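Everything on this sheet refers to the single structure shown next.
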Amino acid sequence: MADAVTPIAVLLSGRGSNFVAIADAIDRGEIPARIVLVLSNIAGAGGIERARERGLEAVEIPHKGMRRVAHEELVLEALRAAGAEWVCLAGYMRLLSPLLVRAYPRRIVNIHPSLLPAFPGLEAQRQALEWGVRVSGCTVHLVDEELDHGPIVVQRTVDVLPDDDAHRLAARIIVEEHRAYPEALRLLLSDTWRLDGRRIVPKI
Ligand code: GRF
């Protein structure tokens with residue numbers, strides 16, 4: 001399924017702490033991958049700065065003022081030019097169109113700060129608090145054409161504490177995100193799994 005070292009791209013829109021967690025895990029030899037491109041749809045995203053500090057290829061393709069598909073065509077061009085085989089969404093605050101999803105079938109990964117299918121979409125930590133759940137966490141999943149919806153790869157849980165606000169809860173969830181994303185990539189980039197419906201199961 002994957003080469004010994006798979007070329008991956010990371011798409012982000014913000015500070016890029018998940019990108020850094022992935023890059024650190026790769027540097028420690030924990031994920032059989034190399035990052036060939038870091039791409040942001042937001043000019044000046046902190047994650048781009050972090051990528052350049054590490055000497056990685058990093059580009060900004062701002063979506064502002066562009067139609068979704070026109071923007072994605074540029075993104076796709078950059079991904080292909082870099083030779084990316086897998087795409088990791090790491091705080092990429094942009095809904096993907098079928099164009100991109102179909103270009104990388106079951107090879108786009110996303111992380112979401114809730115236990116999906118609960119609380120998809122924006123402000124997942126606030127949604128979880130307002131619902132009154134006692135446990136939340138994060139989910140790494142394969143991307144399909146619906147928002148925060150594809151097959152689940154890894155979930156990690158976090159207790160919701162009585163005095164939590166969205167900020168405090170998010171701060172504990174992000175710690176688990178930084179463990180979950182490398183763990184998920186380690187599995188996905190091995191040749192040891194297959195999909196059984198929505199379920200990721202060991203390959204026989
Ligand atoms: C994370 O909470 C991630 O789950 C969500 O956006 C946030 C990105 O954070 N999709 P960072 O840019 O990786 O620090």
Side-chain angles (χ1 to χ4, degrees), residues 1-3 5-23 26 31-113 116-117 120-124 138-153 177 181-182 184-185 187-189 195 198 200:
M1 169 156 306
D3 293 330
V5 174
T6 303
I8 67 171
V10 180
L11 270 51
L12 52 79
S13 304
R15 65 190 165 174
S17 71
N18 276 290
F19 150 65
V20 170
I22 293 167
I26 289 174
I31 306 172
R34 66 193 159 88
I35 297 174
V36 293
L37 181 68
V38 179
L39 186 153
S40 175
N41 65 315
I42 301 289
I48 290 292
E49 202 53 45
R50 301 287 87 72
R52 289 188 178 138
E53 285 164 10
R54 304 178 81 106
L56 295 171
E57 177 74 19
V59 298
E60 292 171 350
I61 305 184
H63 69 271
K64 215 169 164 201
M66 292 189 78
R67 296 173 70 93
R68 186 178 305 279
V69 169
H71 178 256
E72 277 196 2
E73 278 167 357
L74 294 182
V75 171
L76 201 48
E77 208 176 289
L79 291 172
R80 285 182 170 145
E85 289 179 11
W86 280 74
V87 178
C88 302
L89 308 181
Y92 186 66
M93 306 304 282
R94 199 78 189 134
L95 208 59
L96 299 193
S97 83
L99 175 77
L100 201 47
V101 178
R102 289 175 194 171
Y104 284 88
R106 291 176 186 156
R107 282 173 175 245
I108 306 179
V109 192
N110 183 41
I111 187 155
H112 183 74
L116 290 172
L122 293 175
E123 295 188 63
C138 62
T139 304
V140 183
H141 65 94
L142 295 176
V143 170
D144 63 13
E145 291 181 26
E146 288 179 56
L147 177 68
D148 298 329
H149 176 271
I152 290 170
V153 187
E177 293 188 39
Y181 219 146
L185 289 178
L187 169 66
L188 290 172
L189 299 181
L195 270 180
R198 289 188 49 89
I200 290 182

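Keep in mind it's a predicted model, so treat the numbers as computed, not measured.
- Contact between H112 and A124 at its shortest, heavy atoms only, is NE2-CB, 3.4 Å.
- Atoms CE and CG, on M66 and N41 in that order, are 11.5 Å from each other to the nearest 0.5 Å.
- In this structure, NE2 in H71 is found 13.0 Å from NZ in K64, a value given to the nearest 0.5 Å.
- Nearest approach of I42 to H63, heavy atoms of both residues: CD1-CE1, 4.0 Å.
- Environment of CZ in R54: crowded, with over 12 heavy atoms of neighbouring residues, nucleotides or ligands closer than 6.0 Å.
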>> Pair I200, L188 - check side-chain contact (heavy atoms from CB on, under 4.5 Å), show working.
In response: CA-CA 9 Å; I200 290 182; L188 290 172; 4.3 Å; yes
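- Scanning all heavy atoms of the two residues, the minimum distance from A33 to V5 falls at C-CG1, 3.7 Å.
- With S97 as reference, E72 is the one residue of R102, E72, E145, R68 to meet the side-chain hydrogen bond (donor to acceptor under 3.5 Å, both in side chains) rule.
- In plain terms, the two heavy atoms of L37 and A82 that are nearest each other are CB-CB, 3.8 Å.
- No side-chain donor-acceptor contact under 3.5 Å links Y181 to the backbone of A90.
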Compile the donor-acceptor pairs under 3.5 Å between side chains in residues 15-22 and protein atoms, sequence neighbours left out, one pair per line.
| residue | atom | partner | partner atom | Å |
| --- | --- | --- | --- | --- |
| S17 | OG | H178 | NE2 | 2.8 |
| N18 | ND2 | E177 | OE1 | 3.0 |

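- Of all heavy-atom pairs between V38 and G47, the closest is CG1-O, 4.5 Å.
- Note that CD1 of I8 is 11.5 Å distant from CG of L79, once rounded to the nearest 0.5 Å.
- Checked by atom type and distance alone, the side chain of R52 pairs as donor or acceptor with a backbone atom of A58 at under 3.5 Å.
- T6 OG1 to L189 CG: the interatomic distance, rounded to the nearest 0.5 Å, is 4.5 Å.
- Between R107 and V143, every side-chain heavy-atom pair lies at or beyond the 4.5 Å cut-off.
- A donor-acceptor pair is defined here as one N or O able to donate and one able to accept, closer than 3.5 Å; such a pair exists between the side chain of S13 and the backbone of M93.
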>> Between Y92 and N110, is the side-chain contact (heavy atoms from CB on, under 4.5 Å) condition met? List the steps.
In response: CA-CA 9 Å; Y92 186 66; N110 183 41; over 6 Å; no
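- Interatomic distance, CG of L76 versus CG of L99, reported as 5.5 Å (0.5 Å rounding).
- At distances below 3.5 Å, at least one donor-acceptor pair connects side-chain atoms of T139 with backbone N or O atoms of L116.
- Atom CG of L100 sits about 7.0 Å away from atom CG of L11, to the nearest 0.5 Å.
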>> D148 vs H141, test: side-chain contact (heavy atoms from CB on, under 4.5 Å). Steps then yes/no.
In response: CA-CA 8 Å; D148 298 329; H141 65 94; 4.0 Å; yes
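- For the residue pair Y104 and W86, the shortest heavy atom distance occurs at CE2-N, 4.4 Å.
- Residue L39 is tested with V87, L12, I61 for a side-chain contact (heavy atoms from CB on, under 4.5 Å); the sole match is I61.
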>> With side-chain contact (heavy atoms from CB on, under 4.5 Å) as the criterion, how do R198 and H149 come out once you've worked through the C-alpha distance, each side chain's angles and the decisive distance to 0.1 Å?
In response: CA-CA 10 Å; R198 289 188 49 89; H149 176 271; 3.7 Å; yes
